[in-house]
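These notes are about the structure you will find just below.
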Amino acid sequence: IVSAATPGTRTATLDIGGVTDSWSVTSVEADLTPNAFDFRDQAVTSQQTVYSNTIRIQGFNQQIPLSLTGHPSARFSINGGPLQTGTVMIKPNDLVRLRLVSSPNAGDVRTATVDIGGVVDDFNVSTEAVDTAPDAFDFEDVTVGGQQGVFSNTVRITGINTPTTITLTGHASASFSINGGPLQTGTAPIEFNDTVRLRIVSSPTAGSRSASVDIGGVTDSWTVTTQP
């Protein structure tokens, strides 16, 4: 069947020995405007190649143009293909991903602007100053009866954008665990959103034992007291 030039349906019916079937072809109105899409902005702390999230372009029914403008390092990829610039035609359900090279200078923002069928979004990559000093954290002191292995509350490390270190000092029984991993002592690397928990063996007699934690220069002490 040759489909209709305007919205509508054309049908053919086949009869073979009295057994019939119909086949219909429907022409729909052209829709050249995709659904809104969002390339999520990102922040980094050095010059590097940054890729956006991948978006499936939907909401239209014919090929439409995709155009990319913005920083000279901006590129796009269609369906995992090679990086390219300029303007191309895309079809429904194509996957689009962007790439930018971030600035080496803190405070700079580089932008790629995508126009797909008249729907526009900006992909921004900002370069932030290195921050290895976390938000304040608090290991809550504990009182127990008798000698036992005591675990602290768990704290989550926030406020940094670059990996830093954790250093534990204090009583010889003190140790720490990162993200629920094995207990360790001394110094270890730590990243944004990692969790930390401490452990001390309390004193067998009345008294206190303490551990001091230094994460990126921010410190806190945790004390476990054995009651008389």
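Since the model is a prediction, treat every value here as computed from it, not as a measurement.
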Heavy-atom closest pair, residues [X] and [Y]:
{"X": "Ser126", "Y": "Val109", "value": "CB-CG2, 3.8 Å"}
{"X": "Gly159", "Y": "Asp131", "value": "O-OD2, 3.0 Å"}
{"X": "Phe60", "Y": "Pro34", "value": "CD2-CB, 3.8 Å"}
{"X": "Asp220", "Y": "Phe137", "value": "CB-CE1, 3.6 Å"}
{"X": "Ser102", "Y": "Ser46", "value": "OG-O, 2.8 Å"}

Kindly indicate whether the side chain of Ile78, heavy atoms from C-beta on, has any atom under 4.5 Å from the side chain of Leu66. yes
So, does Gln42 use its side chain to make a donor-acceptor pair with the main chain of Tyr51 at under 3.5 Å? yes
Heavy-atom donor-acceptor pair, Thr111 side chain to Gly70 backbone, under 3.5 Å: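 Side chain of Thr111 to backbone of Gly70: no pair is present.
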Look at atom CD of Glu29 and say whether more than 12 heavy atoms of other residues, nucleotides or ligands are closer to it than 6.0 Å.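 Counting neighbours around CD of Glu29, 12 or fewer heavy atoms of other residues, nucleotides or ligands fall under 6.0 Å, so no.
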Can a donor-acceptor pair be found between the side chains of [X] and [Y] at a distance below 3.5 Å?
{"X": "Ser221", "Y": "Ser212", "value": "yes"}
{"X": "Thr20", "Y": "Thr13", "value": "no"}
{"X": "Gln62", "Y": "Asp31", "value": "no"}
{"X": "Thr223", "Y": "Ser208", "value": "no"}
{"X": "Ser67", "Y": "Thr87", "value": "yes"}
{"X": "Thr187", "Y": "Thr167", "value": "yes"}

